[in-house]
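Presented below is the structure to which this report refers.
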2 protein chains.
Amino acid sequence: MHSFETTIGRLRSEGFKLTPQRLSVIRYLIGNTSHPTAAVIYKDLKRKYPSLSFSTVYNTLNMLEKIGEVQSLHLFDDFLNYDPGTEAHHHFVCRSCNSIIDIFPRDAENVSLPEGDISGNRIESAQVVFKGMCRNCL
Amino acid sequence: MHSFETTIGRLRSEGFKLTPQRLSVIRYLIGNTSHPTAAVIYKDLKRKYPSLSFSTVYNTLNMLEKIGEVQSLHLFDDFLNYDPGTEAHHHFVCRSCNSIIDIFPRDAENVSLPEGDISGNRIESAQVVFKGMCRNCL
DNA sequence: CTCAAGTCAATAACTATTCTTAATACCGTT
DNA sequence: AACGGTATTAAGAATAGTTATTGACTTGAG
Ligand SMILES: [Mn+2]
Ligand SMILES: [Mn+2]
Ligand SMILES: [Zn+2]
Ligand SMILES: [Zn+2]
């Protein structure tokens with residue numbers, strides 16, 4: 001996710017209206033590294049915006065995903081986690097505390113992935129999911 | 001997934017009964033590289049076992065996953081794909097035809113992942129999901 | 001054979017997400 | 001500042017894949 005100004009600029013240029021609900025979700029996500037679910041976002045924002053509805057949270061997240069400002073992650077069985085991280089990175093999932101930890105290329109020099117083709121298939125993106133025990137749970 | 005004999009031997013030793021339904025699911029999966037969904041497995045087996053129920057397919061798949069004979073993959077939004085592949089491998093997902101292609105280490109010499117720890121977190125498994133256009137769709 | 005343990009099929013329940021609808025409010029225009 | 005067209009909202013219903021429940025049936029050890 002880009003800066004607040006850049007993001008709302010993109011919304012404006014794409015023809016989306018700047019509603020307080022959307023701005024609150026954007027503010028919530030910028031700089032957030034916790035990979036929150038829609039339910040968590042809703043619960044947290046509900047305190048400040050008591051009239052906020054679940055649908056609006058989902059609508060906003062889907063809109064942000066469509067314009068590439070967030071990505072949804074299928075790391076668990078029953079729900080999605082939302083990630084405002086724009087630069088390509090990987091994830092470590094702790095099987096004990098279920099926390100999701102960003103693994104950026106600079107911290108993962110041992111990770112090397114092919115680019116271009118693999119077995120004749122054209123690669124457009126690649127994501128690594130590590131699973132194990134996080135440093136806190138060890 | 002191991003051989004038919006090995007797999008049913010494991011079921012027996014774990015105390016599970018060998019029912020025709022379970023055996024049919026096992027036979028269906030052995031050697032199957034198509035990553036079928038529960039719905040597809042049900043539809044295909046229903047022809048031979050008209051009384052088969054959806055729950056039995058799910059129950060059997062969950063049992064096989066619990067004893068490590070299959071793994072479920074969360075590659076799409078709305079359903080799981082089941083993979084009888086036991087050895088560690090990766091997947092390529094085509095965004096055009098949605099096919100899931102196995103990427104085995106021997107075919108992916110450019111894929112190199114760390115083992116042991118990463119940023120202090122202990123790695124127990126790692127999976128790569130490539131997305132793009134498969135060789136058929138290109 | 002007996003009977004407890006396990007399994008079956010049918011279907012109800014569950015839950016994260018999406019859809020529907022009437023009311024609201026953003027924002028370009030006046 | 002007020003207007004008005006229309007995108008957006010809130011609330012709740014609907015959806016769909018998966019899981020849980022139920023009561024009848026099957027298995028197999030003793
Ligand atoms: Mn992330
Ligand atoms: Mn596979
Ligand atoms: Zn942990
Ligand atoms: Zn394809």
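In what follows, chains are A, B, ... by sequence order, proteins preceding strands, each numbered from 1.
- Under a hydrophobic-cluster definition in which Ile, Leu, Val, Met, Phe, Trp and Tyr are linked whenever side-chain heavy atoms come within less than 4.5 Å, directly or via other members, B:L64 and B:L18 are assigned to the same cluster.
- The shortest distance between the side-chain N/O atoms of B:S53 and the OP1/OP2 oxygens of C:dA10 is not below 4.0 Å.
- For the residue pair A:N121/A:S119, the side-chain donor-acceptor check at 3.5 Å is not satisfied.
- Other residues, nucleotides and ligands contribute only 12 or fewer heavy atoms inside 6.0 Å of the CD atom of A:E115.
- Taking the six-membered ring where the residue is Trp, B:F92 and B:F130 present parallel rings, their angle staying beneath 30° rather than reaching 60°.
- Rounding to whole angstrom units, CG of residue A:L45 and C1' of D:dA10 are separated by 15 Å.
- B:L23 has its CG atom 12 Å from the P atom of C:dT7, to the nearest Å.
- Remark: C1' of D:dT19 and OH of B:Y42 are 16 Å apart, rounded to the nearest angstrom.
- Comparing the start and finish of the helix from C:dC1-D:dG30 to C:dT30-D:dA1, five pairs each, the helix axis swings through 30°, to the nearest 10 degrees.
- Nearest approach of A:S72 to A:Y82, heavy atoms of both residues: CB-CE2, 3.8 Å.
- Of the candidates C:dC8, C:dC19, C:dA9, C:dC19 carries the atom nearest the A:S55 side chain, counting heavy atoms from C-beta on.
- Note that the SG atom of B:C94 and the CE atom of B:M133 stand 6.0 Å from one another [nearest 0.5 Å].
- Between B:H89 and B:H91, the ring planes lie perpendicular to each other; the angle is over 60°, past the 30° to 60° tilted range.
- Listed nucleotides D:dT8, C:dA9, D:dT19 differ in distance to B:Y58; the shortest reach to its side chain belongs to D:dT19.
- One interatomic measurement links the two molecules: CG of B:L61 to P of C:dT7, which rounds to 15 Å at whole-angstrom precision.
- Using a 4.0 Å heavy-atom distance criterion, A:F54 is classed as making no nucleic acid contact.
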Write down the protein N/O and nucleotide N/O pairs, taken from nucleotides 27-30 of chain D, whose separation is under 3.5 Å; answer none if there are no such pairs.
from: D:dT27; atom 1: O2; to: B:K17; atom 2: NZ; distance (Å): 3.4

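- For B:L80, the listed nucleotide lying nearest its side chain is D:dT18; candidates were C:dA9, D:dT18, C:dT7.
- Which of C:dC8, C:dT11, D:dT9 sits closest to the side chain of A:Q21 comes down to D:dT9.
- Within 6.0 Å of atom NZ in A:K48, 12 or fewer heavy atoms from other residues, nucleotides or ligands are found, so the atom counts as exposed in its surroundings.
- A:N59 has its CG atom 14 Å from the C1' atom of C:dA16, to the nearest Å.
- A salt bridge links A:R122 with A:E124: the distance from a Lys NZ or Arg NE/NH1/NH2 to an Asp or Glu carboxylate oxygen falls below 4.0 Å.
- For B:E69 and B:H2, the side-chain atoms include at least one donor-acceptor pair closer than 3.5 Å.
- For the pair A:H74 NE2 and C:dA16 C1', the interatomic distance rounds to 11 Å; values are reported in whole Å.
- Here C:dT7 presents its P atom at 4 Å from CZ of B:R22, a figure rounded to the nearest Å.
- The residue B:N62 sits close only to the backbone: its heavy atoms come under 4.0 Å of sugar-phosphate atoms, none of a base.
- When each of C:dA9, D:dT9, D:dG17 is scored by its nearest atom to the side-chain atoms of B:F79, the top-ranked nucleotide is D:dG17.
- Separating the CG atom of A:D77 from the P atom of D:dA20 is a distance of 12 Å, rounded to the nearest angstrom.
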